[in-house]
Structures are given as C-alpha cells and as structure tokens.
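Here is the naming used below: chain letters follow the sequence lines, and residue numbers restart at 1 for every chain. Worth saying up front: this structure is predicted, and the values here are computed from it rather than measured.
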Protein chains: 2
Amino acid sequence: MLVILELFSPPRMVWTTEGICEALGYSRPTGYRYIRQLTENGLLVRVGPAGYSLGPRIVEWDFLMRHADPMLTAGLPFLRNLAVQTGCDINLVALYGDRIVTTHQEMGTEILPLSFSRGRPFPILRGASSRIIIANFPRGRLKRIYEQNESEALALGYGSNWEEFKSYLAKIKRAGYAVSRGELDAGYAGVAVPIFGPKRVIIGCIVAALTTQRLALTRTDMLVNMLQGAAKEIEVRIPAPQVPPVPRRRDTAYRNVAS
Amino acid sequence: MLVILELFSPPRMVWTTEGICEALGYSRPTGYRYIRQLTENGLLVRVGPAGYSLGPRIVEWDFLMRHADPMLTAGLPFLRNLAVQTGCDINLVALYGDRIVTTHQEMGTEILPLSFSRGRPFPILRGASSRIIIANFPRGRLKRIYEQNESEALALGYGSNWEEFKSYLAKIKRAGYAVSRGELDAGYAGVAVPIFGPKRVIIGCIVAALTTQRLALTRTDMLVNMLQGAAKEIEVRIPAPQVPPVPRRRDTAYRNVAS
DNA sequence: TATTAAATCTCATATATTGACAATAATCGT
DNA sequence: ACGATTATTGTCAATATATGAGATTTAATA
C-alpha cells in the first residue's frame with residue numbers, strides 16, 4: 001500500500017484514483033480502499049475534484065522531526081551566524097542510515113535555487129557532503145559502497161579500483177573537508193566539513209553552497225576554518241544518547257535524536 | 001503497521017524495538033518485521049544502538065510537497081515582502097482536507113518560537129487561521145463542525161448554539177479577516193486573511209503572528225490591508241487545475257496542487 | 001572464546017486481502 | 001426536480017498473507 005506514495009514524485013504530484021489503479025494494477029475497489037485509508041491517515045489528501053496528493057501528516061511529521069533533531073536544534077544559531085558572516089548558503093546535512101539528506105538551509109546573500117533546501121537527498125558519491133561523510137565511514141562500509149558504485153566512482157574521479165578509491169577518501173578524511181564543483185547542479189559548488197556524534201561516529205556535515213565563480217574568489221582555507229569552528233560548537237552541544245539502557249549495538253552508523 | 005509511526009510524538013521521538021512491541025502489543029517477530037519494512041521504506045531510521053526515529057523519506061516527501069505547492073510557490077515572494085515590511089512573522093496556512101496546517105513561516109524582526117513553523121497543525125476552532133478558514137466553509141460543513149465541537153465553541157466565544165456560532169462566523173467572513181489572542185500560545189496573537197482557490201473555494205490563509213503587546217500597538221486595519229493585498233497577488237498566480245479531464249466533484253473543499 | 005542479547009526463521013493456524021459484481025451515493029445537464 | 005452518468009462503497013467466496021510460539025542465527029561484549 002505504501003507503494004502508492006512512491007508514485008508522487010516530479011513531474012507528477014497529483015494522481016487520480018483511476019491513474020493510481022492503472023499505474024499499480026489495482027482493481028477499483030482495492031484502489032479506493034487503499035486511497036481511503038491513506039487519506040484517513042493523513043498521508044494523502046484530496047485536491048481538486050478528482051486528484052490526490054501527499055497529505056498533511058507528512059508535513060506534521062517533518063515538523064516533529066525538526067524539533068526533535070539534536071544536531072539541528074544545536075546547530076541553528078551557528079548556521080545563521082555562518083550565513084551572515086560568509087554570505088554563502090549554509091546547509092546542514094544529515095546521515096540517516098544510508099541516506100544523505102539536507103536537514104536545514106540557511107540562506108546567504110546569493111539567491112540559490114530552492115532545490116538546495118531541507119529534504120533534498122544526495123546520491124551517495126556526489127557532492128561535497130557525500131564525500132566528507134563517506135570519507136569517515138568504517139572500512140567495511142566503504143568497501144560495500146565501492147562495490148555497488150564502481151563505474152560512478154570512476155566517472156566522478158574517485159579512482160579506478162578499490163585501492164585508489166580508499167586512498168582518495170583517506171586524503172579527504174585527513175584534510176578534514178571536501179570540495180565539489182558542478183556535480184549536483186551545474187554552476188554550483190560545495191565546501192563541506194564533518195560533524196561527529198558520540199565515539200567520533202560521522203552523523204552529518206555542514207556545507208557552504210555557492211556558485212563556482214564565487215568559490216574561485218574564495219579563500220577556501222578561511223571558509224573551512226569557519227565551518228569547522230561551527231561543527232565543533234555543534235558537536236559539544238549534542239546531548240548524550242537518551243535511549244534507555246543501551247543494548248548491544250548492531251550498527252556503528254547511527255545518529256542521535258533526543259527522546 | 002502505520003500505527004507505529006503515530007508513536008513518534010513529543011516527548012518521545014525515539015523508540016526501541018522492545019518499546020514499540022510493548023506499546024502496540026506486537027510479538028517480537030512481528031515487531032521486528034514491521035520495523036524492518038518501515039526502515040527499508042525510509043519511514044523509520046535507526047538511531048543509536050537500539051532506537052528508531054522517523055526516517056528520511058518523510059523529509060524528502062516534505063521537500064517534494066513544498067516544491068509542488070502552487071500556493072506556496074506563488075506566495076513566497078509576497079510573504080517575504082510582508083515580513084520585511086511589517087516586521088511580523090508571516091505564515092502561510094493551508095487547508096488540507098479537514099486539517100489546517102502551517103505550510104511556511106517567514107520570520108520577522110521578533111524571534112518567535114519555532115513552534116509556529118511549517119508543519120504545525122491547528123485545532124479546528126483555535127486561532128485566527130482556523131477562524132478565517134472555517135468562516136468561509138459552506139453551511140453544511142459548518143454545521144458538522146459545530147455539532148462535533150459544541151463545548152469548545154462555547155469556551156472560545158463562538159456562541160452557545162448553532163445560530164450564534166453561524167452568525168459569529170458570518171461576521172468574520174464579512175469582515176474578511178480574523179484576529180485571535182492567546183488561543184494557541186499564551187502571549188501571542190494572530191491576524192489572518194483568507195486565500196481562495198478557483199470558484200472562490202477557501203484553500204488557506206496568510207497569518208501575521210506577533211505578541212499580544214505588539215498587536216495592541218498595531219493598526220490592524222493597515223496590517224489587514226497589506227495581508228489582503230498579498231492574498232490577492234497569490235490568488236491570481238495560482239495556476240488553473242492541471243488534473244486530467246475533471247470527473248464529478250465530490251467535495252467542494254479542495255486545494256490545487258500542480259501536476 | 002563463551003556468553004548473552006538482538007534479530008531472524010519456520011510453519012501451522014488465524015486473519016486479512018482481493019476483485020467480480022452489485023449497490024449506493026453524488027453530480028450534472030436539462 | 002428528474003434521469004443519466006460517474007464515482008465510490010459494499011458483499012462474500014476464493015485466495016493470499018500475517019501471525020506468533022518456539023527454534024535458530026547473528027552480532028557484540030567481556
């Protein structure tokens with residue numbers, strides 16, 4: 001039933017009952033039943049005389065998530081300050097399981113496309129955010145990523161084999177920041193520094209987004225310094241895990257959320 | 001299975017497998033199975049060694065919704081302008097089926113609580129937004145709302161019977177704006193004007209949020225005038241419905257979303 | 001390495017889903 | 001207001017899937 005929700009993506013964000021049934025092969029009664037249930041749950045909403053779109057419950061959940069996100073709540077003042085001081089768009093990016101997603105956009109002086117805002121997912125190898133985050137992954141996890149993305153890694157300059165891939169990322173990890181140009185949106189660049197949670201586990205990053213022209217005029221070392229300063233401030237403010245008596249860990253890649 | 005997602009609300013935004021199973025009466029295998037599926041779908045994400053929270057897919061959907069919302073995309077520049085000119089927080093509020101939810105917050109000079117931001121739902125009778133929206137509902141729909149909320153309507157000053165309720169809202173409708181003080185958050189007030197979609201169907205409103213002290217110093221007539229100007233600008237920019245051959249309408253309360 | 005807790009698997013039984021077809025509800029044009 | 005048409009919901013037998021007790025596997029820790 002949740003697969004209905006996957007239908008809603010650009011360019012088609014409104015679906016009719018008929019369209020949904022056709023696309024997913026449901027009979028009419030089944031289609032109407034599913035839609036009705038998702039509508040009652042607030043995941044869909046009726047728009048216009050015949051269409052449905054994603055519903056208000058999603059917006060409400062996102063609201064709850066923003067308020068419960070310790071990295072975001074701790075980081076807000078610093079992100080604002082960075083945007084004012086640098087004039088760049090400053091984004092907070094989080095690692096959610098194996099997804100890398102922007103969680104906050106603080107706008108600078110340039111008007112960048114709205115596509116950089118909260119909710120934008122990043123391909124695992126593209127952009128400064130993805131680079132700085134995976135550079136801090138454990139070896140085994142990196143290996144898995146490499147095996148699943150060999151040709152993309154080659155195309156993006158990570159190297160043509162595992163050793164080169166590993167060493168390329170080790171260099172980024174050592175440098176403590178990553179830069180990318182035009183990999184996500186033509187004409188735009190990013191400079192990213194990592195944010196670590198407890199036990200130095202990577203949980204996200206801060207990115208300065210700017211045009212490639214502006215990046216060419218920027219002293220990257222100073223910008224990185226400021227980003228890293230803010231990252232440190234965020235790290236010390238992230239509260240310790242509030243989860244009850246901690247059972248065995250199954251996965252070292254996690255992020256804290258306040259309970 | 002979706003009921004698991006309803007567990008995630010303040011003050012508890014992280015749940016263990018054990019906690020979920022206990023709270024919802026699932027056996028362990030069932031609980032693990034559900035959690036696994038929701039995690040694979042991105043609706044949950046693992047945080048910490050034992051906990052789960054709402055996942056990245058929600059954030060991504062919200063992103064898609066923001067970009068596809070014609071009222072929001074048309075309204076952004078006007079909301080920004082209003083915030084600059086008035087110094088108030090200017091919120092866009094949408095009617096989704098029978099939910100009233102903030103869809104955008106444009107911050108003014110006062111730092112208001114983050115709780116006013118996108119995703120905040122409003123009780124059907126509380127606040128200026130709810131008042132101006134339901135004031136423009138058809139008679140039958142109003143009657144239903146009244147029957148379900150008689151005591152709350154009385155407590156909030158709508159009147160002690162259907163006739164008074166109806167006439168109270170008719171007055172708001174005629175005035176073309178609504179004011180509320182302290183109904184949502186102590187010390188805060190709202191001034192709201194309606195936004196109409198095709199065929200003059202109510203689809204949302206613009207609200208200026210400010211402290212009650214500041215409201216007392218404000219010329220409400222001028223503020224309302226500016227809000228109404230922006231509402232008109234938004235209305236003429238909302239594109240006509242893009243839904244395919246329009247079948248019979250089932251509900252006059254709907255909102256347009258671009259396809 | 002042994003122990004322990006977390007997570008997954010097996011499979012008989014219980015329960016839910018499904019869609020063809022029927023019925024009802026709602027809308028529109030006259 | 002009425003009849004025609006479309007949208008939506010209901011019925012129920014056939015089929016599919018979910019469920020959980022108990023067993024097994026996996027993963028982490030001391």
Side-chain angles (χ1 to χ4, degrees), chain A residues 1-5 14-41 44-53 55 97-98 137-141 143-144 198-201 241 243-254, chain B residues 1-5 14-41 44-53 55 97-98 137-141 143-144 198-201 241 243-254:
Chain A
M1 187 174 70
L2 293 179
V3 72
I4 293 183
L5 300 178
V14 183
W15 286 78
T16 60
T17 305
E18 187 174 350
I20 290 168
C21 292
E22 260 184 51
L24 298 175
Y26 298 146
S27 70
R28 283 303 169 82
T30 297
Y32 276 108
R33 247 186 318 243
Y34 287 168
I35 289 166
R36 183 174 170 166
Q37 186 167 341
L38 289 172
T39 304
E40 283 169 1
N41 291 341
L44 290 183
V45 70
R46 189 184 187 101
V47 296
Y52 289 89
S53 67
D98 50 6
F137 275 359
R139 169 79 57 87
R141 202 170 180 193
K143 187 78 185 287
R144 252 176 287 132
K199 301 191 178 175
R200 299 296 292 175
V201 169
V243 181
V246 182
R248 306 295 179 90
R249 295 190 306 168
R250 291 306 299 267
D251 187 349
T252 56
Y254 63 78
Chain B
M1 188 172 70
L2 293 178
V3 72
I4 292 184
L5 301 178
V14 182
W15 284 79
T16 59
T17 305
E18 185 176 349
I20 290 169
C21 292
E22 261 185 48
L24 298 175
Y26 298 147
S27 71
R28 284 302 170 80
T30 296
Y32 276 108
R33 246 188 317 244
Y34 286 168
I35 290 166
R36 182 174 171 166
Q37 187 167 339
L38 290 172
T39 303
E40 283 168 2
N41 291 341
L44 290 183
V45 70
R46 189 184 187 101
V47 296
Y52 290 88
S53 67
D98 48 8
F137 276 179
R139 170 78 59 86
R141 202 169 181 194
K143 187 77 185 287
R144 252 174 288 131
K199 302 189 179 176
R200 299 296 293 176
V201 168
V243 181
V246 182
R248 306 298 179 90
R249 296 191 305 168
R250 288 308 297 271
D251 187 347
T252 56
Y254 63 78

Any side-chain N or O of B:T17 under 4.0 Å from OP1/OP2 of C:dA6?
no
Please report, rounded to the nearest Å, how far the C1' atom of D:dT9 is from the OH atom of A:Y34.
16 Å
For a quick test of your reading: what N or O donor-acceptor pairs under 3.5 Å do the side chains of residues 19-29 of chain B make, sequence neighbours left out?
residue, atom, partner, partner atom, Å
B:S27, OG, B:T30, N, 3.3
B:S27, OG, B:T30, OG1, 3.1

On a heavy-atom basis, which atom in A:S53 and which in A:V47 lie closest, and how many Å separate them?
OG-CG1, 3.5 Å
Applying salt bridge (charged side-chain N to carboxylate O under 4.0 Å, His left out) to B:E40 and not counting sequence neighbours gives B:R36
Mind calculating the distance between CD1 (A:I35) and C1' (D:dA7) to the nearest angstrom?
12 Å
Below 4.0 Å: OP1/OP2 of C:dT18 and any side-chain N or O of A:S27
no
When you check the phosphate oxygens OP1 and OP2 of D:dA18, does a side-chain N or O of B:Y26 lie under 4.0 Å from one of them?
no
What are the atom names and distances for every N/O pair under 3.5 Å that joins the protein to nucleotides 8-15 of chain C?
residue, atom, partner, partner atom, Å
C:dT8, OP1, B:R36, NH1, 3.4

Which residues pass the side chain to side chain donor-acceptor pair (under 3.5 Å) test with B:R144, sequence neighbours left out?
none
Using a cut-off of strictly less than 4.0 Å, decide whether A:R46 has a side-chain nitrogen or oxygen near OP1 or OP2 of D:dT8.
yes
Across all chains, not counting sequence neighbours, the salt bridge (charged side-chain N to carboxylate O under 4.0 Å, His left out) partners of A:R33 are none
Non-neighbouring partners of A:Q37 that pass side chain to side chain donor-acceptor pair (under 3.5 Å), sequence neighbours left out
none
